[in-house]
Amino acid sequence: MASDLPLPASFLDCRVPREFYLRDVVEVAHALLGSFLVHAVAGAERVGRIVEVEAYLGPRDLAAHASKGLTPRTRVLFGPPGHAYVYLVYGLHFCMNVVAGREGEATAVLLRAVEPVRELTCRGNGPGLLCRALGIDKRLNGHDLVSCDLFVAALPGAPPGEVVTRPRVGVDYAGDWAGRPLRFYLKGSPHVSRR
DNA sequence: TGCACGATGAAC
DNA sequence: TTCATCGTGCAC
């Protein structure tokens, strides 16, 4: 791993609390970089270190799903923070967001890439691959992240490293919002998605 | 009820 | 650059 800290036998003790998500979405996006996404499957912890994220700023953000308003699909986005918003893109791949901010703000962080740490089935450089690697699909939509089977963990004192800021990927349709610098990734990580 | 189009990934 | 593949939102 990029930061060769000793890893715990189980990441559950390092799980972040609800308050972690109850902050400004850009702040949460930065806090997620360098932390760990954990999915416990059949007794095994699948773990990836988050190296790339994007922030989506709610209904006013034309690139965000929340800009469609409250619909059956965006229900989870408008709900309480610390929950997973998982959806199908292009009929093929799943993407996972973390709901952030206050309930009703519908702000969220898209998890775009992880560095494989433990028990991953493939590489995780890209939002679709990330979900595939960790075994995340639509069934986890709305799942509480303050739980024992899908959660974010942060090691105390883990140095996140230098962060690169760029426009978000694949949102050219969003007008003025397309160019906003809301994509963040760890500089030099070979596990970020390309483009 | 139908239709256009994705917050992608992989192949050509 | 093209294509796979299907849920969603919106037009009609």
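Chain naming here is simple, since letters A, B, ... match the order of the sequence lines and numbering starts at 1 in each.
In this structure, CD of A:E52 is placed 10 Å from P of B:dT8, rounded to the nearest angstrom. Atom P of nucleotide C:dT8 and atom CG of A:L70 are separated by 14 Å, given to the nearest angstrom. Atom OH of A:Y185 is separated from atom C1' of B:dA7 by 17 Å (rounded to the nearest Å). For the pair A:M96 CE and B:dT8 P, the computed distance is 17 Å after rounding to whole Å. To the nearest angstrom, P of C:dG7 lies 14 Å from OH of A:Y85. Note: CG (A:N141) to P (C:dC6) measures 18 Å, nearest angstrom. The interatomic distance linking A:F94 (CZ) with B:dG6 (C1') rounds to 15 Å, in whole Å. Atom CD1 in A:I136 sits about 16 Å away from atom P in B:dT8, given to the nearest Å.
For C:dT5, there is no paired nucleotide, since no Watson-Crick or G-U wobble pair has both relevant distances below 3.5 Å.
At the phosphate of C:dC6, neither OP1 nor OP2 sits under 4.0 Å from any side-chain N or O atom of A:K138. Side-chain N/O atoms of A:R75 include none lying less than 4.0 angstrom from OP1 or OP2 on C:dT8.
For the pair A:Y173 and A:R132, nearest-nucleotide mapping onto DNA chain B gives the more 5' position to A:Y173.
Considering only the side chain of A:H93, B:dG9 comes nearest among C:dG9, B:dG9, B:dA7. Here the nucleotide nearest the side chain of A:T74, chosen from C:dG9, B:dG9, B:dT8, is C:dG9. Ranking B:dT8, C:dC6, C:dG9 by closeness to the A:L88 side chain, first place goes to C:dC6.
Taking the centre and axis of the six-membered ring of A:Y21, the NZ or CZ atom of A:R102 falls outside the cone set by 45° and 6.0 Å. Seen from the ring of A:F11, A:R15 does not count as a face-on cation partner, given the 6.0 Å and 45° thresholds.
A donor-acceptor pair under 3.5 Å is formed between the side chain of A:E54 and the backbone N or O of A:V169.
Residues A:H143 and A:D149 bring a donor and an acceptor atom of their side chains to less than 3.5 Å of each other. Side-chain N/O atoms of A:S189 and A:E115 include no donor and acceptor closer than 3.5 Å.
Contacts of A:R73 with the nucleic acid, taken as non-hydrogen atoms under 4.0 Å apart, involve only primed sugar atoms and P, OP1 or OP2. Heavy atoms of A:L92 sit under 4.0 angstrom from at least one base atom.
Judged by atom type and distance alone, A:Y90 does not reach the base of C:dA4 through any side-chain donor-acceptor pair under 3.5 Å.
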